[in-house]
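Down below is the structure, laid out as structure tokens.
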Amino acid sequence: SSIGQNTIIEDYCSILSNELIGGNCKIGEKVQINAGANIYQGVSIGKISIICMGACGFKNVPENSLVIGNPGKILKNDYKTR
């Protein structure tokens, strides 16, 4: 995995292998980022969200969301995971 400078990763996040996370990103609490995801520079991911395998090219993600595909789309909002 590669994490850019000035990126904030909050508590209880799960980041698997082979991710590219750009600089100045904010990863919220309890976010799960699966293998092969690419998060562009300056993107914010709301708490309790899941970024699926290989998802990339998305903008800011609201809380409790499920992001899937390339380009990444929010498949479901208010996705309760935990």
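Side-chain atoms of Asn34 come within 3.5 Å of backbone atoms of Ile51 as a donor-acceptor pair (strictly under, hydrogens ignored). Here the side chain of Asn60 pairs a donor or acceptor atom with the backbone of Ser44 at under 3.5 angstrom. Within the 3.5 Å criterion, the main-chain N or O of Ser65 finds a donor-acceptor partner in the side chain of Ser49.
Hydrophobic clustering of Ile, Leu, Val, Met, Phe, Trp and Tyr side chains at less than 4.5 Å, counting indirect connections, keeps Val43 apart from Leu20.
Legend: salt bridge (Lys or Arg N to Asp or Glu O under 4.0 Å) pairs involving residues 7-17, not counting sequence neighbours, sorted by first then second residue: Glu10-Lys26.
Considering only heavy atoms from C-beta on, Val67 stays 4.5 Å or farther from Ile50 through its side chain. Within the 4.5 Å cutoff, no side-chain heavy atoms of Asn38 are placed close to those of Asn70.
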Test log, rule side-chain contact (heavy atoms from CB on, under 4.5 Å), inputs Lys47 and Lys30: CA-CA 6 Å; Lys47 65 181 181 177; Lys30 297 183 182 177; 5.8 Å; no
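The side chain to side chain donor-acceptor pair (under 3.5 Å) test applied to Ser1 returns Glu19, not counting sequence neighbours. For Lys59, the salt bridge (charged side-chain N to carboxylate O under 4.0 Å, His left out) criterion is met by no residue, not counting sequence neighbours.
Contact between Cys52 and Ala37 at its shortest, heavy atoms only, is O-CB, 4.1 Å. Nearest heavy atom pair, residue Gln41 against residue Gly23, reads CG-O, 3.1 Å. Considering every non-hydrogen atom in both Pro62 and Ile74, the closest pair reads CD-CD1, 3.5 Å. The two residues Cys25 and Tyr40 come nearest to each other via the heavy atoms SG-O, 3.2 Å.
Put simply, OG1 on Thr7 and CD1 on Ile39 are 9.0 Å apart, with the number rounded to the nearest 0.5 Å. To the nearest 0.5 Å, the span separating CD on Glu63 from CD1 on Ile45 amounts to 12.5 Å. Interatomic distance, Ile3 CD1 to Ile21 CD1, rounded to the nearest 0.5 Å: 4.5 Å. Between atom CG of residue Leu66 and atom CG of residue Leu75 there is a gap of 5.0 Å, rounded to the nearest 0.5 Å.
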